[in-house]
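All of these numbers come straight from a predicted model, not from anything done at the bench. Chain letters run A, B, ... following the sequence lines, proteins first, then strands; residues in each count from 1.
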Amino acid sequence: MKKTVDVSLPIGPVHPCFKEPARIKCETAGERVLSAEVELGYVKKGIERIMVGRPWQEVMFLAERICGICSVIHNMVFIETVERISNIDVPQRAAYLRVIVNELDRIQSHLLANYSYCYTIEHETLAMYLINLRETALDQLELITGARITCAYIIPGGVRFDLKQEDSLKLSSAMDKIEEDLSRFTAIFEGGPMISLRSKDVGILTRDDAIVSHAVGPTARASGLNADQRTNHPTYQKLGFKPVVMNSCDNYARVMMRFKEVFQSIELIRKCIKELPEGVIRGGGVVGEGEFTWIGEAPRGELTYHVKTDKYGRVIEIGIQTPSIMNIEACAHHMLKGVDSAADVTSTFISSDPCIACNER
Amino acid sequence: MTEYIYEKDLFGMKYRIVTSPIHDKVITCLAECLDMNIQDLRKYLIENLDMSFLENIPARYNSWRIYDAKSDDIISSKLCMKLFSEYIPVLKDNEIKEIREKVDGMIKSGVTQDMAIKQGKEMIREKFSKWA
């Protein structure tokens with residue numbers, strides 16, 4: 001059969017726009033992308049296999065090392081799965097503190113994702129503003145948990161450290177700063193004519209395609225899907241959480257979705273500080289035998305942990321499904337198809353916030 | 001897709017993906033659904049899908065299950081037609097349409113539905129075995 005392909009265009013595994021190694025193979029006619037494939041496997045960790053046979057105390061630390069950008073949610077979902085296996089209750093104060101830390105993690109992850117996008121479309125000024133603002137969120141994580149990335153803050157039956165009164169004041173003022181600065185940066189993004197040219201109607205993921213490929217997180221919500229696991233989480237339900245949904249399905253929508261979610265996270269943190277219940281932060285409990293599957297909402301979408309433990313609390317089986325698996329696949333087979341220029345391939349790929357570390361767990 | 005010389009040996013990496021704990025459960029379900037040898041199905045999937053697609057098989061299978069629960073078409077459901085043509089597109093639309101027409105034809109000619117579905121599964125297995 002006659003091939004209609006002009007060029008087979010490989011991008012990566014090492015590319016200035018990619019934070020982590022991935023290889024995109026595009027078949028193009030002119031500059032128009034006809035189809036794309038993503039090949040991975042450059043940094044495979046085999047962490048699921050390493051976890052098997054180890055006690056939960058070790059697996060807890062391994063879980064947050066799956067991804068350096070969303071380590072808190074890996075810690076949180078693993079611990080919540082273990083708690084459900086062993087019927088361990090969490091004190092209300094600890095549950096609220098978990099939300100604060102998780103939302104701070106979401107803020108820094110979304111700011112990093114949007115930094116990467118702005119950098120990819122050559123808007124370095126806005127990119128540098130955003131990466132600088134991310135430091136404020138990381139500082140707050142350090143203030144509460146004692147570490148910026150691998151915090152190991154959440155433990156079965158509670159959290160490790162309480163939030164002091166003076167720290168909550170610092171956190172509130174940091175939220176004010178992030179909100180004020182981000183309002184300005186969002187206005188730059190919304191009003192930039194060159195940003196619109198590079199982002200609007202580029203990398204379309206239709207609602208139907210998002211359903212078929214099981215896209216998750218901001219990628220799915222920017223395509224009109226009301227899919228957010230926080231709506232199923234008891235603490236978020238108490239806080240009256242409602243997901244943000246957009247319908248324009250393009251790169252612009254995905255980036256704007258993350259900006260909007262940062263504002264939403266700021267509101268959630270403020271609400272948690274205001275309504276933070278008094279009491280203990282650790283309820284105690286013993287991890288026992290059982291099997292459970294629990295889903296949490298990572299910054300990039302649904303994060304699933306299937307854990308089976310023995311009577312000593314050792315992990316004997318574990319399966320982890322990270323959100324980037326779904327989003328990278330949706331990007332490769334739906335968003336990149338029909339993209340008009342090779343330059344838009346990288347920006348579209350980055351707009352789906354791909355995390356190779358999560359994918360190569 | 002164009003194959004590059006240094007990409008000829010992706011089989012090992014792809015095999016690790018399809019044998020992960022979550023994939024193992026889903027591919028076992030798929031193999032049982034088609035009464036097919038799991039190793040043959042793994043090989044077929046590895047040869048026809050890229051790494052990102054292989055990683056996403058469990059999520060796509062769940063999407064299909066949600067769709068299938070709402071569907072009234074029993075024959076399509078039992079033959080996993082939508083699954084193999086749209087959600088995990090390893091068969092072409094015309095191939096799956098041809099199988100469906102043959103199954104419908106058998107039922108019209110008096111063959112029981114169960115037997116016709118069994119024959120349909122055999123036809124799908126034949127398509128897979130051309131590669132395996």
Are any non-hydrogen side-chain atoms of A/His214 and A/Glu302 less than 4.5 angstrom apart?
yes

Do the side chain of A/His74 and the main chain of A/Cys358 share a donor and acceptor less than 3.5 angstrom apart?
no

Taking only Lys NZ, Arg NE, NH1 and NH2, and the carboxylate oxygens of Asp or Glu, determine whether A/Glu297 and A/Arg221 approach each other closer than 4.0 Å.
yes

For the pair A/Glu329 (side chain) and B/Phe53 (backbone), establish whether a donor and an acceptor sit closer than 3.5 Å, ignoring hydrogens and angles.
no

Closer than 3.5 angstrom, by distance alone: can the side chain of B/Lys121 be matched with the main-chain N or O of B/Cys33 as a donor-acceptor pair?
yes

Using non-hydrogen atoms only, which part of A/Gln321 is less than 4.5 Å away from chain B: side chain, backbone, both, or neither?
both

Strictly below 4.0 Å, N to O, side chains only: are B/Lys102 and B/Glu122 in salt-bridge contact?
no

Give the member of A/Ala332, A/Ser213, A/Gly46, A/Gly41 that has the highest number of heavy-atom pairs under 4.5 Å with chain B.
A/Ser213

Inspect the contact between B/Asp73 and B/Arg100 and indicate whether a charged nitrogen and a carboxylate oxygen are less than 4.0 angstrom apart.
yes

Those residues of residues 80-90 of chain B, ordered by number, that approach chain A below 4.5 Å (heavy atom to heavy atom):
B/Glu86, B/Tyr87

